[in-house]
Structure formats: C-alpha cells, structure tokens
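Protein chains get the first letters and strands the later ones, always in sequence-line order, with residue 1 at the start of each.
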Amino acid sequence: GAGVSQTPSNKVTEKGKYVELRCDPISGHTALYWYRQSLGQGPEFLIYFQGTGAADDSGLPNDRFFAVRPEGSVSTLKIQRTERGDSAVYLCASSFSDYNEQFFGPGTRLTVL
Amino acid sequence: SQQGEEDPQALSIQEGENATMNCSYKTSINNLQWYRQNSGRGLVHLILIRSNEREKHSGRLRVTLDTSKKSSSLLITASRAADTASYFCATQRAAGNKLTFGGGTRVLVKP
C-alpha cells in the first residue's frame with residue numbers, strides 16, 4: 001500500500017513569511033507525528049495526534065508553530081513569521097496504534113532565506 | 001533533548017564485514033526502535049524491540065537490548081555497499097508516544 005506522503009518536498013521561503021506543510025498518513029493509521037531534523041542530527045519531536053486531537057504538543061518550539069488534523073487523516077503543520085532558524089527537514093510519521101512502529105514520510109526540506 | 005546516544009558516531013568498513021553500533025539511553029522505555037536514513041531524508045524502520053525482549057533478528061540485522069544497562073546494539077552482518085547510511089536508535093517511553101532519537105551512526109561500507 002501507499003506509504004506516508006508529504007508535500008511539498010522542498011519549500012524555499014523568505015524570513016517572515018507563512019508556510020504550510022502537508023502530511024498524508026498511511027490509511028487506517030490513527031496516530032500521526034511531526035518531527036524536525038537539522039543537518040547532522042537526529043529527528044526531534046514536535047507534535048503527536050491521536051485521531052483529530054493533539055495528544056502531545058510539547059515539542060513545538062514556540063507559538064509560531066501550529067498543526068491541525070481536522071478529519072483525523074491529513075495533517076498540516078503551519079509556521080508563521082518564519083525565521084532562518086526554522087530551516088530544517090520536517091518529517092511526518094504515522095503508526096497503527098500506540099507503541100508500534102512509526103512509518104516516516106520522505107520529509108519536506110524547508111529553507112528560510 | 002535527545003535521550004539515545006549512538007556510538008560510534010561514524011564507522012567505515014569493507015563490504016562483507018560486520019558492523020556493530022551501540023545506543024545508550026537514560027530513562028525507562030516501552031520499546032526501542034532502529035531506523036536507517038539515506039541522504040538525510042525519510043527514515044526506514046528496521047526493528048522494534050520491546051522492553052521485555054532481549055534479542056531480535058531480521059534478515060542480516062540483529063538487535064539486542066539490555067534494560068539493566070539501558071543500552072542496545074545493532075549488528076549488520078555481511079555488510080553491503082547498499083548498507084551505507086545513517087542509523088538511528090529511538091526510544092519510546094512507557095508514558096507518551098513520541099520517539100526520542102539519538103544523533104545517529106554514519107556507516108560507510110566500501111566495496
């Protein structure tokens with residue numbers, strides 16, 4: 001079956017702009033996660049959805065970051081007033097249930113100029 | 001902050017040799033997962049080992065878990081050039097569902 005998909009694959013924006021990153025999880029997976037990975041480092045957790053609700057948003061760095069999953073499937077990560085330090089690869093993952101394997105998408109490489 | 005720490009940070013071996021990398025973590029866990037990443041993009045899930053398991057195999061991969069030492073190891077036997085990648089361990093704690101990743105081990109398999 002289809003894996004996790006993310007769009008766009010690359011996004012270049014200017015400092016101060018607003019961006020939206022989309023994640024389409026594996027069909028039937030109720031858990032969805034967003035991570036951020038900087039060059040040479042491991043991914044860092046941002047937010048976890050179980051169904052439509054954000055069960056854990058403790059990894060969001062500040063209030064410029066927000067994510068939604070209105071119908072319990074597709075999720076959108078929204079970043080307001082982007083800063084150069086937001087440049088990273090944003091990874092989305094989904095899993096069938098808690099405490100199971102997480103399957104990752106290819107990521108969106110965000111570059112803030 | 002990253003809970004898992006991989007060792008070594010980088011590893012260079014010849015094709016056909018075995019590659020071993022280690023992961024240490026700090027808090028109690030529900031499970032530990034190993035992932036492979038090529039070219040800094042999507043992660044591929046390799047193995048999940050639960051806290052009540054000590055060893056798991058998948059093809060040429062062997063993972064061990066020692067909860068008393070809070071450590072895990074990943075062994076790749078008979079390595080191939082295609083195994084060249086970064087390998088990450090990630091822990092999932094008993095409370096909460098996020099994965100906490102280490103910094104990774106960069107493995108180069110020379111043909």
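Residue B:Q9 places its CD atom among 12 or fewer non-hydrogen atoms of other residues, nucleotides or ligands, all under 6.0 Å distant. In this structure, B:R80 places its CZ atom where only 12 or fewer heavy-atom neighbours from other residues, nucleotides or ligands lie under 6.0 Å away. Heavy atoms of other residues, nucleotides or ligands lying less than 6.0 angstrom from OH of A:Y18 number more than 12. In the displayed structure, B:Q14 atom CD is contacted under 6.0 Å by more than 12 heavy atoms of other residues, nucleotides or ligands. When the shell of 6.0 Å around CZ of A:F66 is examined, it contains 12 or fewer heavy atoms from other residues, nucleotides or ligands. Within a 6.0 Å sphere centred on CZ of B:R54, heavy atoms belonging to other residues, nucleotides or ligands number more than 12. Within 6.0 Å of the CG atom in A:L113, the count of heavy atoms belonging to other residues, nucleotides or ligands exceeds 12.
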Carefully, step by step, assess A:Y35 and B:L99 under the rule side-chain contact (heavy atoms from CB on, under 4.5 Å).
CA-CA 9 Å; A:Y35 296 85; B:L99 290 176; 3.4 Å; yes
Starting from the C-alpha separation in whole Å, work towards a yes-or-no answer on ring pair (Phe, Tyr, Trp, His ring centres under 6.0 Å) for A:F45 and B:F101.
CA-CA 9 Å; A:F45 169 78; B:F101 285 83; over 10 Å; no
Run A:Y33 and B:N97 through side-chain contact (heavy atoms from CB on, under 4.5 Å) and show every step you take.
CA-CA 9 Å; A:Y33 312 80; B:N97 296 285; 3.9 Å; yes
Applying side-chain contact (heavy atoms from CB on, under 4.5 Å), run through A:Q37 and B:F88 and close with a yes or a no.
CA-CA 12 Å; A:Q37 185 176 26; B:F88 293 91; 3.6 Å; yes
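Looking at B:L43, both its backbone and its side chain come within 4.5 Å of chain A, counting heavy atoms on both sides. Using a 4.5 Å cut-off between heavy atoms, A:S9 touches chain B through backbone and side chain atoms alike.
Contact between A:G40 and B:R106 at its shortest, heavy atoms only, is O-NH1, 4.2 Å. When all heavy atoms of B:R50 and A:N100 are compared, the pair lying nearest together is NH2-OD1, 3.0 Å. In plain terms, the two heavy atoms of B:Q33 and A:Q102 that are nearest each other are OE1-N, 3.7 Å. Of all heavy-atom pairs between B:G42 and A:L91, the closest is CA-CD2, 4.4 Å.
Aromatic ring orientation, A:F103 versus B:H45: tilted (interplanar angle from 30° to 60°).
Connection of A:V68 to A:Y90 is not established within any shared hydrophobic cluster, with ILVMFWY side chains joined at heavy-atom distances below 4.5 Å, either directly or through further cluster members.
Between B:K98 atom NZ and A:L46 atom CG the span is 10.5 Å, to the nearest 0.5 Å.
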